[in-house]
Amino acid sequence: MNHFAHLMTQPSGAMADMARADQLASPGRRDWMKAAGALTGLVLMVGAGGMVRAAEAAKEEKKYGADGMPHGTVDDPLVFVSIGKDGIVTIIAHRAEMGTGVRTGLPMVVADELEADWSKVRVIQAPGDEPRYGNQDTDGSRSTRHFFEPMRRVGASGRAMLEIAAAKQWNVPVTEVVARNHEVLHEASGRKLGYGELAEAAAALPVPATDTLRLKKPEQFRYIGKQSTRSVDIQDVVSGTTHFGIDTRLEGMVYAAVARPAVLGGKVKSYKADAAMKVPGVLKVVEIPAGPMPPVFAALGGVAVIAADTWAAMKGRNALEIEWDDGPNASYDSEAFRKTLSEGANKPAPAVRNDGDAMKALEGAAQRIQAEYYLPHLAHATMEPPAATARVADGKCEVWACVQSPYGTRENVAKQLGLDISAVTVHQTLLGGGFGRKSKSDYAVEAALLSRAMDGKPVKVTWSREDDITNDYFHTVSVERLEAGIDANGKAVAWLHRTAAPTIGSTFVANAQGQQPFELGMSAVNIPFAIPNFRVESVPVPAHTRIGWFRSVSNIPHVFAVQSFVAEMAHALKRDPKDYLLELIGPARKISPSDMSDSWNYGESPEIYPLDTGRMRHVVEVAAKAAGWGRQLPAGRGLGLAVSYSFVTYVATVVEVEVGKDGSLIVHQVDVAVDCGPQVHPDRVRAQVEGACIMGQSLATRSEISFAKGRTNQTNFHQYEVTRMSEAPRAIKVHLVEHGFDVPLGGVGEPAVPPFAPALCNAIFAATGKRIRNLPIRDQLKA
């Protein structure tokens, strides 16, 4: 599992460029980046150029499903460790850092098992190289849950090798020595050696077999699960010395802005560049041919203006005269398409889950309750818009970019340039947010194509906010129609859910319609309610724009509809919403998703990760108790509740709101109970949940992408609104459910987004009696 090799080269031109890039890396970091050089394995380092080769363990073949997600835990991470003569431990982070804390969390796990002193640990970022490092797609809230155990083994192997090296030097049994806080001790004699003193000898040893490793017991952890471990990037972030994709600067670099078709499938009919070429600083105008549909991750095409700086490039782009052929999606209109979705959701569609006979049970029900919900397209609107720099020369390509999938970017760039993948290098920068948008590397392809057009000059492509919002891979639009049948005793006996939404599959397969299993497995087919007759139908509808995964993906519309509808059922039956939700969930039991349908379970084994209704019930009870559920509130104030299971984590959210007579909305408090299994880095878990609540409020109250004549109606934040500081919840309280490490880890980055909107809307109903079924809320409270 734990891979040792030797230093093949001194710092490459690429590594030196990264260190030089606008002097953005701190001096200390530049020094040890150069010392580390081009690492090709788990190495114990004795000094720059002084690497020593050790044995390399066999690598287990990776297994991926059709959706690109790994089956079960990936156990070949190839995370590398080096130790200098000065005892400094350098750990390579192979996953993208975009605020989740993964550049701290995974190296922290290695350091804990290695018994390293965290103050003597440094972290550097891996380039895109999955054969070397293992899966590098930072998405699906899976980095920690997939790599926690492998990182432990990496650290434990290094610790064992240091102990063996010390035992050999002292000529004592290895059982008599112990690694502790950056030293190896022989307690019987009082002798000790620092890690730097042992590195050379340790690196010459074979890697211990996995089954011989002595992993720590949880009570021995020094960093894992503790609150106090400081993020490795925090000083650079607050001082402005980090290197994001937008920060890259290389010698001789030029800058590009691209005029892209505003309508999916559009292309350039003709253009005039005379005025653009007269803008001071403009160097060249280059047409990028439109790629074939479906779009996948190729460049959209258009016309690029290349200049001496970004401002000149953008001014030149504004001066272009372009005639566009808008193509087959020129008539896309949000209001008309909403009617199409609603019509589809109101007639029978193919069943994707069918327990019992829901239609017959509905016909015989004593009471039928129904509702329809609408959620619009959404844009990712990351703080840092897409940005990439590329240099194509001598048959090779180097890319510096803020991407969530560095190896996927490498593959995509190689394909678009017609190069062998070995000729492409992708350097991973920090990301100013990702949310799934930066898993798609179209902007890196643009930079590579334009560098080739500039005869090998490095070219940086920077997307403006307007570019970002107009040409996003949007979260899907959705109509969700639900109907429930209630018997004479007030029990739910039938459930019908029709979900109508364009699929992400349309980005990859022409004319794909109907949500895919991984989309339906996000809180549609896998609802664990104790209702005997349960039917879910997926309405096939086309896509007219690029659809991509988004933070929590299809859980957002499905959870909004399901959890709002449960509260509507409770009201119709004159029941307390919390009590009724718990009644629908039923008694504690463990359910395999396959028992509900042929359901996708976030790429995880249903045996290891069954859907546990006991854990779901518990987070409901924890959040409700923390919020003081059932207490008397002043007029105009209310509590709302929602729960979800997503990314194998259970989250319940209670929102307390106040609605003024003028329709103003104040979110007084949010209580979120999170059961993600054991928490490796609790500070980051809390931060992710807090951020998810803010994002959830934005999606519920402000954010919407709509289309007319194939184009977005929104271009910047004056139209695509997000929650402002003055509107943010006055308090967010995160309640982490404690577990031992005998429970598998769940995801963290995404699961707290989906329950926020239904909890908010349920609270608004409790405060005002007004039911919100269409998002965003915006001015609906003023009527």
Side-chain angles (χ1 to χ4, degrees), residues 66-67 260-267 290-298 300-301 324-352 372-380 436-437 440 442 469-481 497-522 524-525 536-550 553-558 561 600 704-714 774-775:
D67 54 21
R260 303 171 187 85
V263 181
L264 179 63
K267 57 186 178 182
M293 292 290 103
V296 195
F297 299 159
L300 283 170
W324 297 98
D325 174 356
D326 285 341
N329 294 302
S331 63
Y332 183 37
D333 180 271
S334 293
E335 287 303 311
F337 194 63
R338 179 174 177 174
K339 293 177 183 177
T340 298
L341 294 173
S342 182
E343 289 169 359
N346 278 276
K347 57 187 179 184
V352 290
E372 184 174 295
Y373 305 89
Y374 174 77
L375 293 87
H377 286 295
L378 298 167
H380 297 82
R437 168 59 181 100
K440 299 93 170 171
D442 51 324
I469 289 179
T470 301
N471 291 118
D472 198 1
Y473 286 80
F474 299 101
H475 180 55
T476 193
V477 60
S478 169
V479 165
E480 310 288 327
R481 183 185 181 278
H497 181 177
R498 290 198 183 111
T499 175
T503 175
I504 291 170
S506 61
T507 294
F508 304 94
V509 178
N511 304 314
Q513 297 189 31
Q515 294 172 66
Q516 302 301 300
F518 77 92
E519 294 164 303
L520 294 163
M522 294 181 175
V525 297
V536 182
E537 299 175 358
S538 176
V539 180
V541 291
H544 298 288
T545 188
R546 296 197 296 187
I547 306 295
W549 39 86
F550 185 93
V553 207
S554 295
N555 286 293
I556 293 171
H558 296 156
W600 182 76
E704 176 182 18
I705 291 291
S706 61
F707 286 81
K709 296 182 179 180
R711 293 163 166 77
T712 63
N713 292 315
Q714 297 76 23
N774 306 312
L775 296 184

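As a basis for the values below, the full set of heavy atoms in this structure was taken, side chains included, without hydrogen atoms, waters or symmetry mates.
- Taken to the nearest 0.5 Å, the CG atom of Leu520 stands 5.0 Å off from the CD atom of Gln515.
- Checking Ile556, Leu375, Leu378 one by one against Leu775, the side-chain contact (heavy atoms from CB on, under 4.5 Å) holds for a single residue, Leu375.
- Counting only distance, with no hydrogens or angles, the side chain of Arg546 and the backbone of Asn471 share a donor-acceptor pair below 3.5 Å.
- Nearest approach of Ala501 to Leu341, heavy atoms of both residues: N-CD2, 4.3 Å.
- Here the closest heavy-atom approach between residue Asp326 and residue Val263 is recorded as O-CG1, 3.4 Å.
- Atoms OH and OG, on Tyr373 and Ser478 in that order, are 12.0 Å from each other to the nearest 0.5 Å.
- A salt bridge links Asp442 to Arg437: at least one charged side-chain nitrogen sits closer than 4.0 Å to a carboxylate oxygen.
- Inter-residue side-chain proximity for Pro557 and Thr499 is flagged as unmet; no heavy-atom pair is nearer than 4.5 Å.
- Rounding to the nearest 0.5 angstrom, the gap separating the NE2 atom in His377 from the OH atom in Tyr473 is 15.0 Å.
- Distance CD/Glu519 to CH2/Trp549: 10.0 Å, rounded to 0.5 Å.
- Taking the six-membered ring for Trp and the full ring otherwise, the centers of His544 and Phe707 sit at least 6.0 Å from each other.
- Distance check: Met293 CE to Thr507 OG1 gives 9.5 Å after rounding to the nearest 0.5 Å.
- With hydrogens and angles ignored, the 3.5 Å screen pairs a side-chain donor or acceptor of Asp325 with a backbone N or O of Gly327.
- The shortest non-hydrogen separation linking Glu537 to Ala349 is OE1-N, 2.9 Å.
- Side chain of Arg481 to backbone of Ser342: no donor-acceptor contact under 3.5 angstrom is found.
- Contact record, Val352 with Ser538: CG1-CB, 4.0 Å, taken as the closest heavy-atom pair.
- Between the side chain of Asn329 and the backbone N or O of Gly265 there is no donor-acceptor pair closer than 3.5 Å.
- With rounding to the nearest 0.5 angstrom, the CD atom of Glu480 is 9.5 Å from the CD atom of Glu372.
- The nearest pair of heavy atoms linking Arg498 to Gly344 is CD-O, 4.5 Å.
- When all heavy atoms are compared, the tightest approach of Pro540 to Pro350 is CD-CD, 4.2 Å.
- Arg338 is listed as a side-chain neighbour of Asn774, based on a closest heavy-atom distance under 4.5 Å.
- Under the 3.5 Å distance criterion, with hydrogens and angles disregarded, no donor-acceptor pair is assigned to the side chains of Glu704 and Ser706.
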*Walk me through it: do Tyr332 and Leu264 pass the test side-chain contact (heavy atoms from CB on, under 4.5 Å)?*
CA-CA 10 Å; Tyr332 183 37; Leu264 179 63; over 6 Å; no

